[in-house]
Each structure stands twice: as C-alpha cells, then as structure tokens.
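Sequence positions, counted from 1, serve as the residue numbers for this chain.
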Amino acid sequence: PAATYAALDMATCETKLAERNITWQHVDTARGVLAPIRLTGPLHGVAFHSALPQASRATSPYEIMDCRLVLALDDFAAILEKHEVTEVVHLSAYRPPPKNWPEAKLGERHGGALALDAAIFLLKDGTKLDVSKDFHGAIGARTCGPKSGPWPATEQAKTLRAIACEAADAHLFNVELTPDFNRKHKNHFHLEVTPGAKWFLVK
C-alpha cells in the first residue's frame with residue numbers, strides 16, 4: 001500500500017479520502033507538500049493529533065499531513081482499532097521548511113508532511129502506551145520476526161511491538177523506525193511514506 005499511495009496525485013488521493021468517508025479539510029498551501037490536508041475526525045475510531053492544546057490544533061502547521069500519509073494512517077488505524085487504541089499523540093508530522101524553500105519544490109519525510117512520529121497510544125480502557133517507557137527495545141536489536149524483543153515482555157511492550165510489526169507486515173509505510181534504531185527514535189515510531197520507493201525499511 002505505501003508504494004501505491006506514494007504514487008498518487010492530489011486529486012486522486014483526495015477522491016480516495018472521500019471514498020473512505022474520511023473527514024478532512026483541504027489546506028490551500030503548505031510549502032513542500034504536494035497534497036496538504038487537516039484531519040477533522042478520527043480514522044477507524046482513532047484520533048491522531050499532536051500534544052498541542054485542542055484549541056490550537058485547527059490552525060497549527062504541525063497538524064498538516066499529506067493526503068497520501070493519511071491513507072496509510074487510515075490502514076494503520078484499522079490495526080490500532082483491533083488493539084483498542086482510540087488516540088495517537090504524535091511529536092510531529094509536517095515540519096515547515098526554511099523560508100527560502102523554493103515554492104514548487106516538494107519536501108521529503110516531515111518536510112513533505114509524509115511522516116508521523118507516533119509517541120503515545122491511548123487505549124479504550126484508559127491505558128497509556130508510551131513508546132519512550134514501554135517499548136523495551138535496544139539499539140541494534142531486531143524489531144520484528146525471530147529473536148526480536150521486547151525485554152522485559154510486559155503487556156504494554158507486547159502491544160506496542162504487535163502494533164509496529166503488524167504495520168510492517170502489511171507494508172503500510174516505506175520507512176518504520178523504532179527505539180531499536182537509534183537514540184533519536186527512543187520515544188516514538190517514525191512512520192513514513194516515501195514517493196518513488198519500492199522498498200521497505202523496518203528498524
């Protein structure tokens with residue numbers, strides 16, 4: 001799915017949002033972003049937002065996402081729904097480029113609003129899964145598959161690991177980085193759709 005979504009143009013992507021009954025608002029312009037939108041409702045019952053106060057989210061640039069990322073997050077939310085996740089708090093999605101960024105140049109990763117750093121997952125029963133505290137990985141360790149963690153294998157850690165690995169198995173994102181990758185990712189899952197990529201990286 002990640003490679004398919006990444007190849008979409010703005011009009012086709014927005015049509016797919018409508019077909020999925022996703023509620024969103026078009027953003028007139030966001031430098032570096034091909035198809036900028038704001039989510040105005042949950043995906044499969046899962047709300048995605050930053051840690052900003054709710055009143056600030058409607059106008060914050062940090063809540064802008066590329067439409068293609070939203071399609072991947074919609075699939076991801078279907079996985080989260082099975083784990084009874086109702087809310088995902090992210091550290092960043094869009095990071096506006098410098099003021100001298102060429103108007104027609106598209107950005108990559110956060111600069112193109114094509115990546116989300118998911119830090120906290122809130123469950124229906126009130127349980128909080130904090131990646132920084134509950135993932136229980138180790139830099140250089142295998143994230144999914146044989147001989148992978150977590151250590152210790154708490155219920156929170158097993159749920160976070162299942163979420164990450166089910167998304168990886170489904171190829172929802174071209175790049176999925178966890179605390180197993182490096183210290184910069186110790187507190188979040190980096191989930192990225194990469195235009196032009198036919199490969200998938202999970203660490």
Next on the checklist: Could you report the tightest heavy-atom contact between A157 and H136, atom names first, then the distance?
Outcome noted: CB-ND1, 3.8 Å
Checklist entry - Quick one: are the ring centres of H190 and H90 less than 6.0 Å apart? => result no
Checklist entry - Do any N or O atoms from the side chain of H171 and from the backbone of P1 form a donor-acceptor pair under 3.5 angstrom? => result no
Next on the checklist: With a 4.5 Å cut-off on side-chain heavy atoms, are H83 and E166 touching?
Outcome noted: yes
Item to check | Least distance between heavy atoms, P36 atom then I64 atom | outcome: CB-CG2, 3.9 Å
Checklist entry - Cation over ring, K99 on W101, under 6.0 Å and within 45°? => result no
Checklist entry - Passes side-chain contact (heavy atoms from CB on, under 4.5 Å), L17 versus T23? Steps please. => result CA-CA 8 Å; L17 293 181; T23 58; over 6 Å; no
Checklist entry - Is D180 salt-bridged to R161, going by a charged N under 4.0 Å from an acidic O? => result yes
Checklist entry - Any side-chain donor paired with an acceptor under 3.5 Å for R95 and S92? => result yes
Next on the checklist: Taking I22's backbone N and O only, do any of them form a donor-acceptor pair with R20's side chain (distance below 3.5 Å, no angle check)?
Outcome noted: no
Item to check | Side-chain heavy-atom pair I139, R183 within 4.5 angstrom cut-off | outcome: yes
Next on the checklist: Quick check on the hydrophobic clustering: are Y62 and M65 connected, directly or via other members, by side-chain heavy-atom contacts under 4.5 Å?
Outcome noted: no
Checklist entry - What pair of heavy atoms forms the shortest contact from C144 to V202, and how long is it? => result SG-CG1, 4.4 Å
Checklist entry - Can you list the steps and then say if Q54 with H49 is a side chain to side chain donor-acceptor pair (under 3.5 Å)? => result CA-CA 9 Å; Q54 187 169 0; H49 61 80; over 6 Å; no
Checklist entry - Under 4.5 Å between any side-chain heavy atoms of M10 and C67, yes or no? => result no
Item to check | Spacing of L34 atom CG and L8 atom CG [to the nearest 0.5 Å] | outcome: 9.5 Å
Next on the checklist: Less than 4.5 Å apart, side chain to side chain, heavy atoms only: is that true for L80 and F121?
Outcome noted: yes
Checklist entry - Under the 3.5 angstrom rule, does the side chain of S50 hit a backbone N or O of L91 as a donor-acceptor pair? => result no
Next on the checklist: For a quick test of reading the model, state the closest non-hydrogen atom pair linking A47 to P42 and the distance between them.
Outcome noted: N-CB, 4.0 Å
Next on the checklist: Checking H185 against D117 for the side chain to side chain donor-acceptor pair (under 3.5 Å) test, could you report, in this order, the C-alpha distance in whole Å, the side-chain angles of both residues, the deciding distance, and whether it holds?
Outcome noted: CA-CA 9 Å; H185 294 82; D117 288 346; 5.7 Å; no
Next on the checklist: Using modelled atom types and a 3.5 Å cut-off, is there a donor and acceptor pairing between side-chain atoms of D134 and backbone atoms of D130?
Outcome noted: yes
Checklist entry - Between L73 and L116, is a side-chain contact (heavy atoms from CB on, under 4.5 Å) present by the stated rule, with each step listed? => result CA-CA 9 Å; L73 291 177; L116 185 88; 3.9 Å; yes
Next on the checklist: According to a hydrophobic-cluster definition based on side-chain heavy atoms being under 4.5 Å apart (Ile, Leu, Val, Met, Phe, Trp, Tyr only), do L172 and V46 belong together?
Outcome noted: yes
Next on the checklist: Tell me if a side-chain donor or acceptor on R31 pairs with a main-chain N or O of L106 at a distance below 3.5 Å.
Outcome noted: no
Next on the checklist: A side-chain contact here means heavy atoms from C-beta on lying under 4.5 Å apart; do L114 and R68 qualify?
Outcome noted: yes
Next on the checklist: If hydrophobic clusters are built from ILVMFWY residues whose side chains come within less than 4.5 Å, do L191 and L39 share one?
Outcome noted: yes
Checklist entry - Is L122 close to V85 at the side-chain level, that is, under 4.5 Å between some pair of heavy atoms? => result no
Checklist entry - Is there a chain of hydrophobic side chains (I, L, V, M, F, W, Y, each step under 4.5 Å between heavy atoms) that links Y94 to Y5? => result no
Item to check | Donor-acceptor pair, side chain of T12 and main chain of D9, under 3.5 angstrom | outcome: no
Next on the checklist: For P179 versus V131, what's the shortest heavy-atom pair and its separation?
Outcome noted: CG-CG1, 3.6 Å
Checklist entry - Under 6.0 Å between ring centres, would you say that holds for F200 and F173? => result no
Next on the checklist: In terms of relative ring orientation, are W24 and H26 parallel, tilted or perpendicular, with 30° and 60° separating the classes?
Outcome noted: perpendicular
Checklist entry - Do the side chain of S60 and the main chain of S56 share a donor and acceptor less than 3.5 angstrom apart? => result no
Checklist entry - Does a side-chain heavy-atom distance below 4.5 Å link C13 with K16? => result no
Checklist entry - Applying the 4.5 Å side-chain criterion to the ILVMFWY set and letting contacts propagate, would F48 and V89 be lumped into a single cluster? => result no
Checklist entry - Looking only at heavy atoms, what is the nearest atom pair of P96 and P61, with distance? => result CG-CB, 4.0 Å
Next on the checklist: Are the side chains of D75 and H44 in contact, using a 4.5 Å heavy-atom criterion?
Outcome noted: no
Item to check | Whether N174 side chain and T194 backbone form a donor-acceptor pair below 3.5 Å | outcome: yes
Next on the checklist: Under a 3.5 Å distance rule, please check whether T40 uses its side chain to pair with a backbone N or O of Q25 as donor and acceptor.
Outcome noted: no
